[in-house]
Amino acid sequence: MMRRCELPARDLRLLDPLFVYPSTVLGRERAIVVNLEQIRCVITADEVLLLNSLDSYVLQYAAELQRRLLQRAEGDELPFEFRALELALEAACSFLDAQAAELEIEAYPLLDELTSKISTLNLERVRRLKSRLVALTRRVQKVRDEIEQLMDDDGDMAEMYLTEKKMRMESSVFGDQSLLGYNSAGAAGTSVSAPVSPVSSPTESRKLEKTFSLCRSRHDSTKGSDNTTTEHIQELEMLLEAYFVVIDSTLNKLTSLKEYIDDTEDFINIQLDNVRNQLIQFELLLTTATFVVAIFGVVAGIFGMNFETSVFKIENAFQWVLVITSVVGVFIFCSFLWFFKYKRLMPL
């Protein structure tokens with residue numbers, strides 16, 4: 001593979017199925033290394049070399065690529081490598097969008113259930129859901145960043161136009177061979193014994209004209225190839241822009257879902273804070289009532305001491321003690337309530 005596609009070992013290491021690498025698209029001299037989710041392949045100007053050929057996504061990719069190549073529309077002049085790259089981007093974006101849609105279908109009912117019933121089981125399910133969401137968001141963000149990086153760098157996009165580089169290489173090799181054959185033929189036709197004239201002969205001038213015309217035609221072809229490369233860079237940029245919009249839409253879905261989860265967590269925290277405040281208020285009322293009831297214990301303790309007093313000889317003294325103590329207790333309790341309301345400690 002390294003000799004066939006002129007790839008370094010570090011690029012082929014990205015395609016190793018035993019390792020997990022983030023999504024990457026690399027343009028090299030004779031190949032494009034693609035690592036997009038389930039699609040890991042090497043794209044050349046004439047073929048696509050796929051890994052994991054028994055995987056269902058890879059089989060779908062190969063079948064869809066064959067179908068599109070057979071049903072090529074008229075006027076569609078996209079080179080082979082762009083078609084293969086487009087299908088890889090489409091497969092990755094569709095796969096990530098499907099996972100995002102599946103996560104949305106599972107998340108919204110679960111979050112609505114959690115708002116109505118807070119339980120340990122629902123909280124555990126939401127925690128696992130949020131972990132999946134964070135992992136999927138990272139994968140989508142990496143694909144988006146990779147596409148954006150390619151769109152911002154014209155040099156990388158020019159490196160990916162393998163068909164033009166292959167045609168340019170073939171034309172240069174053909175031109176060098178023709179020029180070499182012409183020089184050898186001219187050398188064979190020159191007489192060894194003929195004297196060298198200081199004035200150039202008509203034959204030599206025609207040779208120079210042909211050489212200059214050949215160089216001029218090669219320069220014009222180079223300029224034309226540069227213009228063609230610029231056009232194809234624009235085509236590749238429009239292609240990448242279309243899938244950038246798709247993956248950005250998927251990222252927006254995941255961002256909206258994350259915001260919904262955050263809003264749900266905030267709502268749950270507000271509910272828990274409200275319950276906690278109610279418990280604190282109840283505890284405050286209970287403490288106040290305990291303090292008022294303790295007054296009866298103080299009065300009972302005083303009258304239970306071993307000493308003589310004339311109060312015990314008064315008729316209905318016990319009833320008066322109870323009434324006075326109750327009135328004092330109610331007055332103290334109402335005073336505490338007024339203080340709590342004045343300080344806004346309770347919504348009374």
Side-chain angles (χ1 to χ4, degrees), residues 14-15 20-27 32-43 48 50-52 55-69 71-73 75-108 129 132-154 156-162 231-261:
L14 296 175
L15 306 178
V20 179
Y21 289 98
S23 298
T24 308
V25 178
L26 299 177
I32 301 174
V33 181
V34 177
N35 179 14
L36 292 174
E37 293 300 319
Q38 304 294 331
I39 306 300
R40 297 187 179 189
C41 62
V42 176
I43 302 174
V48 178
L50 292 164
L51 276 76
N52 299 332
D55 188 77
S56 59
Y57 290 100
V58 178
L59 292 176
Q60 292 177 5
Y61 173 84
E64 182 65 19
L65 181 60
Q66 293 177 358
R67 187 187 67 81
R68 293 190 181 186
L69 291 175
Q71 297 179 357
R72 183 174 180 177
D76 189 1
E77 299 180 355
L78 276 178
F80 173 79
E81 61 271 16
F82 287 0
R83 292 176 176 276
L85 179 61
E86 178 185 10
L87 188 57
L89 290 172
E90 180 181 347
C93 293
S94 301
F95 178 73
L96 292 174
D97 189 69
Q99 285 197 340
E102 181 181 354
L103 199 62
E104 279 185 330
I105 294 174
E106 182 181 353
Y108 285 112
L129 178 70
R132 290 170 53 194
L133 175 64
V134 171
L136 183 59
T137 303
R138 288 177 181 172
R139 290 160 55 191
V140 173
Q141 183 69 44
K142 188 61 181 74
V143 175
R144 180 185 180 276
D145 293 342
E146 191 66 26
I147 296 176
E148 185 177 11
Q149 183 180 357
L150 289 175
M151 292 171 58
D152 293 339
D153 196 339
D154 292 342
D156 289 345
M157 289 191 289
E159 285 290 331
M160 292 184 181
Y161 190 38
L162 306 177
E231 294 177 358
H232 284 282
I233 286 176
Q234 295 177 355
E235 292 180 357
L236 180 57
E237 186 174 4
M238 289 188 292
L239 186 149
L240 293 175
E241 185 177 358
Y243 290 99
F244 178 80
V245 172
V246 174
I247 200 67
D248 190 61
S249 175
T250 304
L251 184 61
N252 290 334
K253 289 181 183 179
L254 297 176
T255 304
S256 300
L257 182 58
K258 185 178 183 300
E259 291 177 354
Y260 193 80
I261 292 177

* Asked: What residues form a side chain to side chain donor-acceptor pair (under 3.5 Å) with Glu102, not counting sequence neighbours?
  -> none
* Excluding sequence neighbours, so at least two apart, what forms side chain to side chain donor-acceptor pair (under 3.5 Å) with Thr137? -> none
* Asked: Quick one: salt bridge (charged side-chain N to carboxylate O under 4.0 Å, His left out) partners of Glu104, sequence neighbours excluded?
  -> none
* Summary of salt bridge (charged side-chain N to carboxylate O under 4.0 Å, His left out) pairs that have at least one residue in residues 242-256, sequence neighbours excluded -> Asp97-Lys253, Arg144-Asp248
* Asked: Among all residues two or more places apart in sequence or in another chain, which pass the side chain to side chain contact (heavy atoms under 4.5 Å, CB included) test with Ala88?
  -> Val34, Leu36, Ile39, Tyr61
* **Test side chain to side chain contact (heavy atoms under 4.5 Å, CB included) applied to Thr255 - qualifying residues, sequence neighbours left out** => Leu251, Glu259
* To do: Apply side chain to side chain contact (heavy atoms under 4.5 Å, CB included) to Leu69 and list each qualifying residue two or more places apart in sequence or on a separate chain.
  => Leu65, Phe80, Arg83
* Asked: For Phe95, which residues count as a ring pair (Phe, Tyr, Trp, His ring centres under 6.0 Å) partner, sequence neighbours excluded?
  -> Tyr57
* Who pairs with Asp145 by side chain to side chain contact (heavy atoms under 4.5 Å, CB included), at least two apart in sequence or on another chain? -> Gln141, Glu148
* Asked: With sequence neighbours left out, what residues match Glu86 under salt bridge (charged side-chain N to carboxylate O under 4.0 Å, His left out)?
  -> none
* To do: Return the set of residues passing side chain to side chain donor-acceptor pair (under 3.5 Å) with Arg138 (not counting sequence neighbours), or none when no residue passes.
  => none
* Residues which pass side chain to side chain donor-acceptor pair (under 3.5 Å) with Glu159, listed by chain and number, not counting sequence neighbours -> Lys165
